[in-house]
Amino acid sequence: MRTFVIGDIHGGLKALQEVLKKVSVTTDDTLIFLGDYVDGWSQSAETISYLLALKKKMNCVFIKGNHDELLYNYLKHGQDMDSWRIHGGDSSVKSYKGVSKKVIQQHLKFFEDLKYYHVDKLNRLYVHGGFSNHRGPEYEYYPHMLCWDRSLWEVACALDKNLSPKDVLYPKRLTLFNEIYIGHTPVTRIGKNVPTNFANVWNIDTGAAFKGSLTIMDVDSKKYWQSTPVYQLYPEELGRN
């Protein structure tokens with residue numbers, strides 16, 4: 001049995017299919033998706049349909065991302081924002097044109113069932129953005145901020161490497177879990193293009209929404225596989241800029 005974690009897809013279904021094929025996933029494997037399934041490339045609706053079908057065959061854990069929350073609010077409540085449209089939302093709106101009401105209802109249920117975070121048997125946390133409460137994600141006053149937080153990653157990046165977890169100055173929230181897996185903030189922002197680790201935090205968002213690849217990683221071995229840079233799979237599109 002293997003456990004794989006998958007970074008932000010952003011409507012790049014072709015990239016997802018590519019990485020799943022590379023690792024030859026089986027029904028014995030567990031797939032943990034870190035969220036942001038939509039907003040970016042042209043196949044947001046198709047991606048959700050694919051994930052729903054995959055869930056019937058595989059052991060899948062689906063984490064909620066901020067873009068999933070934004071698209072849900074649009075489909076369910078008609079909440080439309082220019083800032084969302086500019087940052088990938090417009091591609092999702094176009095993707096859902098012509099999609100039947102029945103399928104949209106199925107997709108809304110998918111979004112409603114997404115988890116804010118997941119902790120496995122080895123005390124490894126999976127969350128889209130991060131958490132700020134020093135007692136853990138379950139104590140966040142506004143749970144949806146787990147989709148939006150960037151402070152956890154910023155703290156991990158800036159942490160003095162000479163500090164021990166037993167040091168009084170060591171961030172308490174980093175001591176709560178053996179490992180933490182996140183997406184949300186592309187590692188391309190710090191000049192990386194592969195899964196990146198600081199302290200016990202692993203960032204799996206390798207910029208698939210922009211000029212990067214989609215990444216899948218075996219959390220036990222830390223071996224990872226990447227898709228073709230996603231923009232090359234959608235040569236007629238801009239993705240997120």
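Residue numbers run from 1 in the order of the sequence given. Just so we're clear, the structure is a prediction, and the values are computed from it rather than from any experiment.
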Inter- and intrachain pairs under side chain to side chain donor-acceptor pair (under 3.5 Å), touching residues 198-209, at least two apart: Thr206-Thr215
Side-chain donor/acceptor of Arg173 to backbone N/O of Phe131, under 3.5 Å: yes
Residue list, side chain to side chain contact (heavy atoms under 4.5 Å, CB included) with Lys223, at least two apart or on another chain: Ser221, Trp225
Cluster check Tyr224, Ile6: I/L/V/M/F/W/Y, side chain < 4.5 angstrom: no
Distance-minimising heavy-atom pair for Val230 and Ala208: CB-O, 3.5 Å
Pairwise distance CD(Gln105) to NZ(Lys76) - rounded to 0.5 angstrom: 6.0 Å
Joint hydrophobic cluster, Tyr170 plus Ile180, side-chain heavy atoms closer than 4.5 Å: yes
Distance in Å, Tyr37 OH paired with Leu114 CG, rounded so as to fall on 0.5 Å steps: 5.5 Å
Any Glu179 side-chain heavy atom under 4.5 Å of Asn197 side chain: no
Heavy-atom closest pair, residues His10 and Val38: ND1-O, 3.0 Å
Hphob cluster co-occupancy, Tyr142 + Leu146, side-chain heavy atoms under 4.5 angstrom: no
Contact check, side chains of His128 and Glu69, non-hydrogen atoms, under 4.5 Å: no
Asn133 (side chain) donor-acceptor with Tyr139 (main chain) under 3.5 angstrom: yes
4.5 Å side-chain heavy-atom contact, Tyr96 and Val103: no
CG on Leu70 to CG on Leu75, rounded to 0.5 Å: 11.0 Å
Gap between atom NZ of Lys222 and atom CG of Asp220 - 0.5 Å precision: 6.5 Å
Thr196 to Val194 - nearest heavy-atom pair and separation: OG1-O, 2.8 Å
Ser213 and Ser227, any side-chain heavy atoms less than 4.5 Å apart: yes
Rounded distance (nearest 0.5 Å) linking atom OH of Tyr116 with atom CD1 of Ile63: 11.5 Å
Lys192 NZ: over 12 foreign heavy atoms closer than 6.0 Å: no
Least distance between heavy atoms, Asp149 atom then His184 atom: O-CD2, 3.4 Å
Non-neighbouring partners of Tyr117 that pass ring pair (Phe, Tyr, Trp, His ring centres under 6.0 Å), sequence neighbours left out: none
Test side chain to side chain contact (heavy atoms under 4.5 Å, CB included) applied to Ile86 - qualifying residues, sequence neighbours left out: none
Residue pair Leu152 / Leu174, side-chain heavy-atom distance below 4.5 Å: yes
Ring pair (Phe, Tyr, Trp, His ring centres under 6.0 Å) partners of Phe198, counting only residues at least two apart: Trp153
Which residues share a ring pair (Phe, Tyr, Trp, His ring centres under 6.0 Å) with His87, sequence neighbours left out: none
Side-chain heavy-atom pair Cys157, Arg189 within 4.5 angstrom cut-off: no
Shared hydrophobic cluster for Phe62 and Leu16 (ILVMFWY, side-chain gaps under 4.5 Å): yes
By side chain to side chain contact (heavy atoms under 4.5 Å, CB included) - contacts of Asn193 (at least two apart): none
Backbone of Asp39 reached by a side-chain donor or acceptor of Ser91 within 3.5 Å: no
Lys64/Asp68 under salt bridge (Lys or Arg N to Asp or Glu O under 4.0 Å): CA gap, chis, key distance, verdict: CA-CA 6 Å; Lys64 179 182 286 190; Asp68 311 314; over 6 Å; no
Beyond-backbone contact of Leu13 with Tyr234, side-chain heavy atoms, under 4.5 angstrom: yes
Closest approach of Ser151 to Ser132 (non-hydrogen atoms, all atoms of both residues): OG-CB, 4.2 Å
Pair up each side-chain donor or acceptor in residues 47-58 with any protein partner under 3.5 Å, not counting sequence neighbours, and list the distances.
residue: Thr47; atom: OG1; partner: Gln43; partner atom: O; Å: 2.6
residue: Ser49; atom: OG; partner: Ala45; partner atom: O; Å: 3.4
residue: Ser49; atom: OG; partner: His107; partner atom: NE2; Å: 2.9

Audit row: Asp160, Asp167, side chain to side chain contact (heavy atoms under 4.5 Å, CB included) steps and yes/no: CA-CA 11 Å; Asp160 187 334; Asp167 195 297; over 6 Å; no
Salt bridge (charged side-chain N to carboxylate O under 4.0 Å, His left out): pairs with one or both residues in residues 79-108, sequence neighbours excluded: Asp80-Arg85, Arg85-Asp90, Asp90-Lys94
Approximate separation, where rounding is to 0.5 Å, of Arg124 CZ and Thr3 OG1: 5.5 Å
Pairs flagged by salt bridge (charged side-chain N to carboxylate O under 4.0 Å, His left out) wherever residues 12-37 is involved - sequence neighbours left out: Arg2-Asp29, Glu18-Lys22
Those residues that, when tested against Tyr231, pass side chain to side chain contact (heavy atoms under 4.5 Å, CB included) (two or more places apart): Trp41, Lys211, Pro229
Cluster link Leu125 to Val61, ILVMFWY, side chain under 4.5 Å: no
Verdict with supporting geometry, Tyr126 and Val5, side chain to side chain contact (heavy atoms under 4.5 Å, CB included): CA-CA 9 Å; Tyr126 305 85; Val5 62; 4.1 Å; yes
Side chains of Leu122 and Val219 in contact at under 4.5 Å (non-hydrogen atoms): no
Contacts of Tyr74 that satisfy ring pair (Phe, Tyr, Trp, His ring centres under 6.0 Å) - sequence neighbours left out: Trp84
Residue pair Ala199 / Leu159: nearest heavy atoms and the distance that separates them: CB-CD2, 3.9 Å
